[in-house]
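Everything below concerns the one structure shown next.
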Amino acid sequence: MPSVLDQRPAPAAAGPRPALPKRRTRVLALPEARWALAALVLFLVALPLNLLGAPAWLWAPLYAAVYITGGWEPGWEGLKALKDKTLDVDLLMVVAALGAAAIGQVLDGALLIVIFATSGALEAVATARTADSVRGLLDLAPTTATRLLPGSREESVPADALVVGEVILVRPGERVGADGQVLDGTSDVDQATITGEPLPVAKQAGDEVFAGNVNGTGALRVRVERDPADSVIARIVKMVEEASETKAPTQLFIEKVEQRYSIGMVIATLAVFAIPLAFGSELQPALLRAMTFMIVASPCAVVLSTMPPLLSAIANAGRHGVLAKFAVVMERLGQVDTVALDKTGTLTEGTPRVTDIRPQPGSGLDENSLLALAAAAEHPSEHPLARAVVQAARERGLALAEAMGFTSAPGAGVTATIDGRTFQVGSPARMTATGDPKIASTVQTLEDQGRTAVLVLLDGVPAGVLGIADRLRPEAKATVAALTALTGHPPVLLTGDNERAARHLAAEVGITDVRAGLLPQDKVAAVQGWEAEGRRVLMVGDGINDAPALAAAHTGIAMGKAGSDLALETADAVVVRDELTTIPAIVALSRKARRLVVQNLVIAGIFITVLVAWDLIATLPLPLGVAGHEGSTIIVGLNGLRLLREHAWTSSLSKDTA
């Protein structure tokens, strides 16, 4: 039956959904981050001294320190890879930086070192954050459980020691110790961590409960149905890890490109040096030509072709409340062609609110008096629906009378005496009412609209009905329309909520494809199915139950205000201010960034091709080669920085969310 209004103990009512413990690795605890920071600081100190014409003895040691702090680790790793007959681009960049320094281009080399050291640090931080989140998720499952023994005896045992078939006792306010089936008892269980449902769900004999869910006010006897290692929480952890690993093929492709490029650069540089010598050239001209080739063929412009547009887009999005964790995320966002949206906390606010107040004709009550009396009766309760009723009364400035003799019955509702009269507030299906057809019709209408109906009885006679629902975000409809325009078809709704509520909300915002009643593995299966068809899925969610799908998707975005720690860490981007309209805006901004990346790569490619050909066919003066190299770097850098302008964001927002 539907959830009812009852009193919940403080431990279970601390928030709309349990939060993961914050187990974060400090950034500076990572050696990659410390070395990158040191290199960056030294570079920023040396740069103005160099540009302002200070003596070389002031800035040269600082640049040397940049080479050492930022370059020793990738250089050492590159040497180890070389030992295994593998040549990577990091070693090539260190060699290029040293080559630049050897012919006086110390600044160029230092800049290369800083860029690659920072990239390595970001990768290390991302890896550490993901590991922290998965470890934190495991803390949702309790470490102990109360096992029932023959003769009504009980004992506290480690939760991971439970075996299938044993019976455990879950007291009010405790977390469920294992996935299982309720044998006896009635209670409301907060299972938002698994299904994403915003309200506690009534549980009775025969219903399923999950490890880590928070019990309400009733006591439950639960038979263990799954081994702890195979619980839903444990499977979520496993799915997050596996889904993260599915992105490895892209990384493998990048490594192959790096390998080929590195080998090609080494072979070409050696050839440019050795061939003239073989035909009788002097050593110095051959060396100068080879070093010039190293400079003009250096990938500085290629590196800056990609990073400035993406980093500028990241910075611009960050100013408007969207945090993209890595540059590659900003690139991937523009590739999505399918959008999957969670319901609770994503399209909706994630907090139940009173939406309808229906006084019963002949009760002598209007909307305000019905709400005030219901709120007075509910005031002592800590149930989320009760808080919604009280909050609605406060928003209207209604005075609440003192309630006496308050009682709460799990699965039924609350009872209180106000001004000598008895008020009952709770589920229409579980309260004794007169069977008034008008009340039944009102309840049915509200439930058909996706509301939770709450009946108010005055001295046993129906006085009215309240409708409570998780309120749709005001910008949800515009966001769905914008995403539809961007991808060519409407988003899909993936939710653990019930079918009726999901379809009603989907109809309001213009979504036709609805997948309701889903567990985390069902969401993952849907996302993986689309990915297998060659589609690039953007998953948007906020709960722990969304984390596996966020990891499995081509790109994942988490709503930041009420999002769980695991969702925030697993997602590739976070909407910090919970503004839905920023989602299509950042997708549009990403597409602009990708267009600029292509432009920059063309510009860089033309410069490199022309300069390399000039150096090989004729004699390219070193100063001209350096000027051409630096000129191309400046051009692509400035082109990418265009996305820092406010207009870049506002045009994306107005175009795609209008």
Side-chain angles (χ1 to χ4, degrees), residues 89 92-93 111-112 115-116 118-119 122 247 249-262 264-265 296-318 322 324-339 483 485-488 534-538 554-555 572-573 583-613 628-653 655-656:
V89 74
L92 177 62
M93 289 304 97
L111 179 60
L112 277 177
I115 290 175
F116 278 87
T118 302
S119 175
L122 290 176
K247 297 179 182 180
T250 301
Q251 183 62 32
L252 292 175
F253 173 76
I254 293 174
E255 290 175 358
K256 289 180 181 179
V257 172
E258 290 178 347
Q259 177 72 4
R260 293 172 182 174
Y261 180 79
S262 301
M265 280 291 298
V296 299
S298 172
C300 286
V302 175
V303 171
L304 289 177
S305 295
T306 303
M307 296 307 292
L310 299 179
L311 293 179
S312 296
I314 288 174
N316 201 337
V322 184
K325 297 181 180 180
F326 316 105
V328 69
V329 174
M330 187 56 68
E331 185 178 15
R332 293 166 69 92
L333 277 167
Q335 300 171 345
V336 299
D337 53 26
T338 301
V339 180
L483 291 172
L486 282 168
T487 62
R535 297 161 76 175
R536 295 176 176 179
V537 181
L538 168 62
H554 179 74
T555 312
D572 300 301
I583 294 176
I586 195 175
V587 171
L589 186 65
S590 171
R591 294 186 176 184
K592 291 180 182 178
R594 295 183 70 244
R595 288 195 294 269
L596 285 186
V597 167
V598 173
Q599 292 177 14
N600 284 347
L601 288 173
V602 171
I603 293 171
I606 290 174
F607 268 87
I608 291 176
T609 301
V610 170
L611 293 174
V612 166
H629 173 263
E630 296 299 331
S632 65
T633 302
I634 292 173
I635 290 173
V636 299
L638 292 178
N639 191 39
L641 292 177
R642 289 193 297 148
L643 290 184
L644 281 174
R645 297 179 302 170
E646 183 69 17
H647 176 71
W649 178 265
T650 55
S651 62
S652 299
L653 190 66
K655 177 181 178 181
D656 295 298

Specify the closest pair of heavy atoms between Val336 and Arg591, including all atoms of both residues, with the distance to one decimal.
O-NH2, 3.4 Å
Rounded to the nearest 0.5 angstrom, the CG-CD1 distance for Leu601 and Ile606 is 11.0 Å
Interatomic distance, Ser632 atom OG to Ile603 atom CD1 [nearest 0.5 angstrom]:
9.5 Å
Worked verdict on Met330 versus Ile586 for side-chain contact (heavy atoms from CB on, under 4.5 Å)
CA-CA 8 Å; Met330 187 56 68; Ile586 195 175; 3.9 Å; yes
side-chain contact (heavy atoms from CB on, under 4.5 Å) between Val322 and Trp649, intermediate numbers included:
CA-CA 11 Å; Val322 184; Trp649 178 265; 4.2 Å; yes
Between CG on residue Asn600 and CG on residue Asn639, distance to nearest 0.5 Å:
4.5 Å
Over all atoms of both residues, closest heavy-atom pair of Val329 and Ala573
CG1-CB, 4.4 Å
Sub-3.5 Å donor-acceptor pair from the side chain of Arg332 to the main-chain atoms of His554, do we have one?
yes
Under 3.5 Å, is there a donor-acceptor pair between the side chain of Asp337 and the main chain of Arg535?
no
Residues Phe607, Ile635; criterion side-chain contact (heavy atoms from CB on, under 4.5 Å); working and verdict:
CA-CA 11 Å; Phe607 268 87; Ile635 290 173; 3.8 Å; yes
Where the side chain of Lys592 meets the backbone of Leu643, is there a donor-acceptor pair that is under 3.5 Å apart?
no
Show your reasoning for whether side-chain contact (heavy atoms from CB on, under 4.5 Å) applies to Thr338 and Leu538.
CA-CA 6 Å; Thr338 301; Leu538 168 62; over 6 Å; no
Taking every non-hydrogen atom, the tightest pair across Leu486 and Pro584
CD1-O, 3.5 Å
All heavy atoms of Glu331 vs all of Arg594, minimum pair found to be O-CD, 2.9 Å
Testing the basics here: between Leu483 and Val339, what is the closest heavy-atom pair and its distance to 0.1 Å?
CD1-CG1, 3.8 Å
Which atom names give the shortest non-hydrogen contact between Leu333 and Val587, and what distance separates them?
O-CG1, 3.7 Å
